[in-house]
Amino acid sequence: MQHSFLPKFLLALIVGLAVIFGFDRLDVSALSAPLCLAIVIMAVSLRQSPSLVVAVSFIYILLVTYSAFYLLYHSNRPHLPFPYSGFAIVQRVGLFVVVCAMAIYMSFHRTTSEHLLADVRNTLSKLPVPVVVSDAEGVIIYTNEFLKESVKYLPPDLTGKRYTDFFMPAVPEGRAMRRYIELFGAEANSVHEIDIMPFGGSAPMLARLTCHGIGSKRTLITVLQPPDSTLRRVFASDRRVS
């Protein structure tokens, strides 16, 4: 990460210098230079580390400040629509600082979310039961390693495949998809239990389904239990009690 920081920072610096000393020389009255740099910094915040976003934001703020003074003291600058010329600096630089603050916040929020997701997947991968996670569109987005040891006739990679093809192969497509939508239910956390025979299995398996999230971010976590599993008997007793 440290080895890739400097080349990316230098590339962003070159882009910033090219924008400031290119667009401002073409038309001193235009706001295209700050706008282009704002687009660049927002794009950087979507993919790069927070430290890089902070460094690039600091340099770009300096460049935009230089651009504002260049506009203010240029001999051919346009007539400003406000009585105090210094307001041009506040207007141009202030708005760009707000954009940079948003970019920094987005980068930190994205990084935190990625770390949380990695922790959740790491936890699921260590569970001694098969786990499958699918999204609101019915597509499998994650499976843990234990699934390969428990289910026969398993494809090499389930990620990206349809949930109904794996859990409801004998059910007609339209009916299976309606059933999947019903499992999601209302916009609230919910738990369901169903018996399935995935991919030609000879004995039914108990699946405990947990739904959480809202809207397009809602997910379905499926935990499978083999017929002779102790947890299966516990699940069954819980179902009788409830």
Side-chain angles (χ1 to χ4, degrees), residues 46-47 49 106-242:
L46 296 177
R47 298 296 299 270
S49 64
M106 288 176 56
S107 65
F108 275 100
H109 180 71
R110 174 186 55 81
T111 303
T112 302
S113 300
E114 290 176 351
H115 289 165
L116 289 176
L117 179 59
D119 291 340
V120 170
R121 291 190 171 184
N122 184 52
T123 301
L124 294 177
S125 67
K126 291 179 169 55
L127 291 178
V129 291
V131 178
V132 177
V133 181
S134 54
D135 61 13
E137 298 180 355
V139 177
I140 297 174
I141 58 176
Y142 174 79
T143 61
N144 69 345
E145 293 295 329
F146 200 82
L147 181 68
K148 299 178 182 179
E149 303 176 9
S150 304
V151 181
K152 297 180 180 180
Y153 311 110
L154 192 67
D157 187 8
L158 283 177
T159 304
K161 291 182 169 51
R162 296 182 8 159
Y163 182 94
T164 54
D165 292 340
F166 175 66
F167 288 97
M168 309 174 187
V171 181
E173 181 177 354
R175 181 180 172 189
M177 199 60 202
R178 285 194 300 270
R179 176 57 175 158
Y180 184 84
I181 296 174
E182 290 174 358
L183 292 173
F184 267 75
E187 295 292 342
N189 296 343
S190 58
V191 178
H192 310 276
E193 292 176 353
I194 61 174
D195 287 317
I196 61 170
M197 287 191 295
F199 280 117
S202 58
M205 300 178 66
L206 176 65
R208 171 160 285 194
L209 315 177
T210 304
C211 302
H212 68 91
I214 59 175
S216 60
K217 301 299 183 181
R218 192 165 172 80
T219 56
L220 178 67
I221 301 177
T222 302
V223 179
L224 300 178
Q225 299 300 329
D228 57 347
S229 172
T230 302
L231 287 178
R232 176 181 175 87
R233 294 192 292 272
V234 172
F235 287 174
S237 63
D238 290 344
R239 185 162 45 183
R240 287 194 298 270
V241 172
S242 60

Item to check | Set of side chain to side chain contact (heavy atoms under 4.5 Å, CB included) partners for Asn122, sequence neighbours left out | outcome: Ser125, Lys126
Residues 174-181, side-chain donor-acceptor partners within the protein, below 3.5 Å, at least two apart:
from: Tyr180; atom 1: OH; to: Ser134; atom 2: OG; distance (Å): 2.8
from: Tyr180; atom 1: OH; to: Asp135; atom 2: O; distance (Å): 2.5

Checklist entry - Roughly how far, to the nearest 0.5 Å, is OG1 of Thr219 from OH of Tyr142? => result 13.0 Å
Next on the checklist: Rounded to the nearest 0.5 Å, what separates atom CG in Leu46 from atom CZ in Arg110?
Outcome noted: 7.5 Å
Checklist outcome for this item: The single option from Leu209, Ile141, Val133 that satisfies side chain to side chain contact (heavy atoms under 4.5 Å, CB included) with Leu220 is Leu209
Checklist entry - Measuring from Arg218:CZ to Glu137:CD, what's the distance to the nearest 0.5 Å? => result 15.0 Å
Checklist entry - Taking Val131 as the fixed residue, which of Ile221, Thr123, Thr143 is the one that meets the side chain to side chain contact (heavy atoms under 4.5 Å, CB included) rule? => result Ile221
Next on the checklist: If I take atom CG from residue Leu206 and atom CG from residue Leu224, how far apart are they, to the nearest 0.5 angstrom?
Outcome noted: 8.5 Å
